[in-house]
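Note on naming: letters A, B, ... go to the chains in the order of the sequence lines (proteins, then strands), and numbering restarts at 1 for each one.
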Amino acid sequence: MRWTRYFINTLREVPADADVISQKLMMRGGMIRKVAAGIYTYLPLGLRSVQKLEAIVREEMTRAGSTELLMPAIQPAELWVESGRWQKYGKELLRIKDRHERDFVFGPTHEEVITETVRDAVSSYRQLPVNLYQIQTKFRDEVRPRFGLMRGREFIMKDAYSFHSSRESLDETYEAMRDAYGRTFRRCALDHVPVEADTGNIGGSASHEFMVLAQSGEDAVVSCPSCRYGANIEKATSRFFEDEPEPAPMTEMAPLHTPGTKTIDDVGAFLKKPTSRLVKTLVFDTENGPVMVLVRGDREGNEIKIKNFLGVNTLEMLPDTKFEAATGGPVGYCGPVGTKCKRVLADSSLKGRKDWVVGGNKPDTHIGGVNPGRDFPEPEYGDFTTVFAGDPCPRCGNKLEIHRGIEVGHVFKLGTKYSEAMNCVYLDEKGERRPMIMGCYGLGIGRTVAAAVEQSHDGDGIIWPMPIAPFEVVVTSVGREENVLATATEIYEKLQAEGIEVLFDDRDERPGVKFKDADLIGFPLRIAVGARSLANGQVEWSFRRDRAKQLGEPAAVLARVVEEVRKARTA
RNA sequence: CGGGGUGUAGCGCAGUCUGGUAGCGCACCUGCUUUGGGAGCAGGGGGUCGGAGGUUCGAAUCCUCUCGCCCCGACCA
């Protein structure tokens, strides 16, 4: 492809509304263009990267035994009513009406359509398992789209769904898909980590996310450098409480006068005890009424874990205005002894511990020597706290690390949530009707491309990993001398003949402009042909990643560049 | 949804407070010079100043309403 015949418009200045690096560089490099908040055009260069990633994804899906289909973006509301999500999904679901005033949605995901499809086509266990995928445009009306392609409203996603007659069959496919994801991201040369994830609203029993590690990531990833443990912070656990001393014998409950100690740190300082020896009381409001959660004083409550344990849809910190009425005590001195809260949870780190120090439900008062079971009803124990960096790994005990990550893929064991709601059943060997067991597997195409840019760039622009670079090689002619153009053209044509993806910068521009553009767009390899080196019968080539220039005769450079591309392709 | 900000040429911005026929840089077009890291000079084209209404002899500028966009927060497969 010749630059002068292509469609590239680079910007010298960063558009004012771009906030993350991938968005800035892709907009400047002429790869994407914002049309509305969270809605982008993929310009030709950007589309090439997208399509190259899609090709890799298709190969890996095929290898994992998944078959491609394409479902509609616009879906009838009835399907969503049937699954129950017409009510539940909320404002993120873009609802539209056709000219007959019939309700439709622009699909944010495709469980409904695929379940209907498989339900109608499959009736016997002999036809299972089924594994189907598509690469398609979704729309989610995010409250706050941001970060360019990383959190758009309209976005391209690969989504796959599998249907099974047994748990074992689902496990097998789940593993195959998980492997396929790992291979896909590895082939894109992305530094990523698979982690255990919260299953969220979608439900289901097991779930893993694939996180690309990058500063701009919206998620926090807990990982162990020694063993292979990795989990989203929403889900991660640790053995932080194992350093607790042996429980002392129980003492009597005794009130403590603690004036002006609103926070747990105040109380610790006042009583001259480390906050880890105190108990912090959190109160949340849910649709089922207020819930009290007790955690060790130095830890933080994890709302996702609490929400999942309770099985509620809404959970938020109880506002001060409702506090006294709900708990029977003032803010800052809340505790489980004699509380009005019907439900009291406690983090497992408190289990077996004696003589708690808790709020006294009276102003300026705490209580020491409090023991669950004796002084207040035994609470419900569970894991309700968030992991801190440096906590011991739940598997091996070594220190956990926390990094920022971009969620580029998510695999779920869905179970029978949708098949039951939508009557997607099969007949087993005994002729009995059973709901199919489902899995679903998402991979953000645009987000992965953006994540690659987040992870690989420098002050001058993008440094594309070869497998998803818009072109593998750029040939830059420097100067307009006849032999320069002739040599550059020849190299360009030979590279094309070798099947290399090459862009020929044949513009009549000054060298600086061409080099700056090449760096900005980030072609992995560059061949520069200029009069100066050509006088010695040489041309120059370099990798974008280090830009170290090497000289050689055209034929030798050509061979070397072809070799480097092939090497990268098979890596 | 709450708080803050912003909207002037394709991009980046000034002008708004203090009303008087719209400006700068980049990009674009023409010419000459230049040619290995975003050239120089000269000339040129392009904007109903987000939209509607109002005040005024006169509105980018003041007032009212409205829309878009951005940031922080809450929320989120």
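- Residue-to-nucleotide contacts include no donor-acceptor pair under 3.5 Å from the side chain of A/Arg507 to the base of B/G38.
- Checked against side-chain contact (heavy atoms from CB on, under 4.5 Å), A/Glu196 has the following partners two or more places apart in sequence or in another chain: A/His208, A/Tyr229, A/Ala231, A/Lys235, A/Arg395.
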task: Sugar-phosphate atoms are those with a prime plus P, OP1 and OP2; base atoms are the rest. Using that split, label each nucleotide of nucleotides 5-13 of chain B B, S or - for protein heavy atoms under 4.0 Å, 5' to 3'.
output: ------BSS

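- Residues from residues 144-153 of chain A placing a heavy atom under 4.0 Å of any atom in RNA chain B, listed by number, are A/Arg144, A/Arg146, A/Arg151.
- With A/Trp86 as the aromatic partner, A/Arg95 meets the cation-pi criteria of under 6.0 angstrom to the ring centre and within 45 degrees of the ring axis.
- Each of A/Arg532 and A/Val408 lies near RNA chain B, and the nucleotide nearest A/Arg532 is the one positioned closer to the 5' end.
- In this structure, A/Arg178 fails the cation-pi test against A/Tyr181, since its NZ or CZ atom is not both closer than 6.0 Å to the six-membered ring centre and inside 45 degrees of the ring normal.
- No cation-pi contact links A/Lys305 to A/Phe384, judged by a cut-off of 6.0 Å to the six-membered ring centre and 45° from its axis.
- Nearest-nucleotide mapping onto RNA chain B: of A/Ala37 and A/Glu234, the residue sitting toward the 5' end is A/Ala37.
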Side-chain donor-acceptor contacts of residues 515-528 of chain A below 3.5 Å, not counting sequence neighbours, with atom names and distances?
residue: A/Asp517; atom: OD1; partner: A/Thr10; partner atom: OG1; Å: 2.9
residue: A/Asp517; atom: OD2; partner: A/Arg507; partner atom: NH1; Å: 3.1
residue: A/Asp517; atom: OD2; partner: A/Arg507; partner atom: NH2; Å: 3.1
residue: A/Asp519; atom: OD2; partner: A/Arg547; partner atom: NH1; Å: 2.7
residue: A/Arg526; atom: NH2; partner: A/Glu540; partner atom: OE2; Å: 3.3

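- Using a 4.5 Å heavy-atom cutoff, the side chains of A/Thr173 and A/His164 are in contact.
- With sequence neighbours excluded, no residue satisfies ring-ring contact (aromatic ring centres under 6.0 Å, His included) with A/Tyr161.
- Across all strands shown, B/A27 has no partner, as no Watson-Crick or G-U wobble contact with both distances under 3.5 Å is found.
- The phosphate of B/G68 has neither OP1 nor OP2 within less than 4.0 Å of any side-chain N or O from A/Lys34.
- At a non-hydrogen distance threshold of 4.0 Å, A/Val478, A/Arg480 from residues 472-488 of chain A come into contact with RNA chain B.
- For A/Arg510, a side-chain nitrogen or oxygen approaches OP1 or OP2 of B/A39 to under 4.0 Å.
- Between the CD atom of A/Glu92 and the P atom of B/A77 there is a distance of 8 Å, given to the nearest Å.
- For B/C75, there is no paired nucleotide, since no Watson-Crick or G-U wobble pair has both relevant distances below 3.5 Å.
- Under a cutoff of 6.0 Å and an axis angle of 45°, A/Arg48 and A/Phe471 form a cation-pi pair.
- Using a cut-off of 4.0 Å between Lys/Arg side-chain N and Asp/Glu carboxylate O, A/Lys34 and A/Asp17 are scored as salt-bridged.
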